[in-house]
Amino acid sequence: MTESPYSVPNKGPTFMIVTGILCFIALALVLYRLFNGWVMRKTIYKDDILIAASMCVLILTTIVGDLANYYGFGRHKKDIAKTGGSRVDALKYFWLFQVTYKLVLGLTKLSFLTFYLRIFPSKRFHMICYGTIVVILGGVIGFVFATIFQCIPVQGSWHKEMHSTCINNAWFRWWWAGYTTSTDIWICLLPMPLLARLQLDKVRKIGVMMMFALGLFVCVTSIVRINALVQSVNTTDPTWGSWDALLWSAIEADCGIICACLPYLKHPLKQLVPRLFSTVTSRAHHSRPTYKLSAFSSSRGYHRHSTATDDWRNQATPGRMGSQDPIAPNQIMMKTDISLKTEPMDSSTDVGRAV
């Protein structure tokens with residue numbers, strides 16, 4: 001007589017709930033990002049396409065993970081058959097999950113890097129990004145290939161009774177964990193030196209750096225996954241002992257896409273909570289009382305200016321500035337207690353508005 005899966009220890013429903021919620025959040029953010037690009041910017045960039053592709057693979061990964069839990073993951077192997085599950089099917093979907101999960105992480109990392117290429121003009125930085133892209137592509141392709149053929153014949157990955165030749169699975173998982181964690185940290189810290197040189201006041205500079213550091217949360221999930229991996233590689237009951245690693249792998253994939261899209265929430269949050277942003281702006285102005293910056297930009301079909309610009313226009317015009325020339329396009333006007341001067345505007349100052 002078949003027993004109910006809920007009559008035995010079963011962590012499968014927890015996986016389905018957690019990954020279902022995170023996948024829904026990630027999908028909503030990706031759709032908003034694409035909507036923002038198509039409607040607001042009138043352009044869909046390469047990084048948007050890559051994150052959309054990553055989202056499609058994530059949906060498949062979530063479904064595959066759910067099927068692995070439906071057939072037995074999260075239950076002890078002795079309880080699978082009597083609760084209507086299938087150990088072979090559970091391990092087969094777990095094998096497929098490992099493949100698609102690696103693809104999600106690879107596409108998300110590539111989305112981050114192409115985003116950097118789009119907003120940072122430094123040629124030296126571009127060379128570093130292209131080098132990192134080569135490392136990511138080579139690493140992901142290599143690990144995906146090794147995952148698919150971890151056993152020869154391939155069916156040996158889920159038919160454990162079959163005679164097959166398999167790689168050292170424990171070492172393979174540790175190599176992957178080290179690779180993905182180190183590349184996550186590298187990609188998150190990569191733009192920090194450029195952001196530190198932005199000509200912004202301290203408050204806004206910290207805000208921009210924090211926005212780019214959101215990806216460090218993915219590093220946290222990756223490190224937690226390493227802790228779960230310790231149990232996974234030493235277990236003799238894979239459907240139970242590897243469940244934590246399965247869960248945290250799915251969470252890592254979800255959080256990567258979520259963090260890649262969070263910066264695009266700046267504008268709707270500014271509309272919903274204007275008081276918070278006005279407070280930050282007020283503090284930013286008070287942090288440097290000796291001068292104000294006013295940037296003029298005619299890109300994207302509109303003209304930007306601040307209140308400080310309007311005040312200055314009422315007080316000073318090119319005719320009132322003595323020997324100084326009129327302010328040319330793409331320059332920054334700095335008003336100090338001593339004099340007025342113009343400086344060429346660094347293109348990196350637009351980083352905070354790139355998204």
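- Phe125 and Tyr116 have tilted rings, their planes meeting at an angle from 30° to 60° on a 0 to 90° scale.
- Summarising the geometry of Ile51 relative to Ser111, their closest heavy-atom pair is CB-OG, 3.6 Å, with the distance given to 0.1 Å.
- Heavy-atom minimum distance, Phe112 versus Cys259: CZ-C, 4.2 Å.
- Grouping the Ile, Leu, Val, Met, Phe, Trp and Tyr side chains by contacts below 4.5 angstrom, directly or via other members, places Ile133 with Ile128.
- Val140 approaches Gly106 most closely through the heavy-atom pair CG2-CA, 3.6 Å.
- Taking 4.0 Å as the cut-off between side-chain N and carboxylate O, Arg33 and Asp47 count as a salt-bridged pair.
- More than 12 heavy atoms of other residues, nucleotides or ligands lie within 6.0 Å of NZ in Lys160, so this atom counts as buried by the packing criterion.
- A donor-acceptor contact shorter than 3.5 Å is absent between the side chain of Asn69 and the backbone of Asp66.
- Heavy atoms only, all atoms of each residue included: Ile258 and Leu22 are closest at CD1-O, 4.0 Å.
- Side-chain heavy atoms closer than 4.5 Å link hydrophobic residues (I, L, V, M, F, W, Y) into clusters, and following such links, possibly through other members, connects Trp248 to Trp176.
- For the pair Pro238 and Thr235, the tightest heavy-atom approach, listed with the atom from each and the gap, is CA-CG2, 4.0 Å.
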Output, in order, the C-alpha distance, side-chain angles, deciding distance and verdict of side chain to side chain contact (heavy atoms under 4.5 Å, CB included) for Lys46 and Ile49. CA-CA 5 Å; Lys46 292 179 182 179; Ile49 295 173; 5.5 Å; no
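- Hydrophobic clustering of Ile, Leu, Val, Met, Phe, Trp and Tyr side chains at less than 4.5 Å, counting indirect connections, keeps Met162 apart from Ile167.
- Side chains of Thr19 and Thr62: a donor-acceptor N/O pair is absent below 3.5 angstrom, by distance only.
- The six-membered or imidazole ring of Phe172 lies near that of Phe143, with a centre-to-centre distance under 6.0 Å.
- At a threshold of 4.5 Å between side-chain heavy atoms, the hydrophobic network of Ile, Leu, Val, Met, Phe, Trp and Tyr places Tyr32 and Ile257 in one connected group.
- Heavy-atom minimum distance, Ile44 versus Gly37: CD1-C, 4.0 Å.
- Note: Phe115 and Tyr264 have tilted aromatic rings, judged against thresholds of 30 and 60 degrees for the angle between ring planes.
- Annotation: the span from Lys109 atom NZ to Thr183 atom OG1 amounts to 3.5 Å, rounded to 0.5 Å.
- A ring-centre distance under 6.0 Å is not found for Tyr93 and Phe97.
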One pair to check against side chain to side chain contact (heavy atoms under 4.5 Å, CB included): Tyr101 and Val104. What are the steps and the verdict? CA-CA 5 Å; Tyr101 149 75; Val104 171; 5.8 Å; no
Determine, stepwise, if the pair Leu58 / Thr108 fulfils side chain to side chain contact (heavy atoms under 4.5 Å, CB included). CA-CA 10 Å; Leu58 177 65; Thr108 303; over 6 Å; no
Verdict with supporting geometry, Ser157 and Gln98, side chain to side chain contact (heavy atoms under 4.5 Å, CB included): CA-CA 11 Å; Ser157 296; Gln98 295 177 67; over 6 Å; no
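- Under the 3.5 Å distance criterion, the side-chain polar atoms of Arg75 are matched with a main-chain donor or acceptor of Tyr70.
- For the pair Cys129/Phe120, no side-chain contact is recorded, criterion being any heavy-atom separation below 4.5 Å from C-beta on.
- With His76 as the fixed residue, the side chain to side chain donor-acceptor pair (under 3.5 Å) test singles out one of Thr239, Asn10, Thr83, Asp237: Asp237.
- In this structure, Trp95 contributes its side chain and Thr147 its backbone to a donor-acceptor pair below 3.5 Å.
- Using a 4.5 Å cut-off between side-chain heavy atoms of Ile, Leu, Val, Met, Phe, Trp and Tyr, with links allowed through other members, Ile141 and Val99 fall into different hydrophobic clusters.
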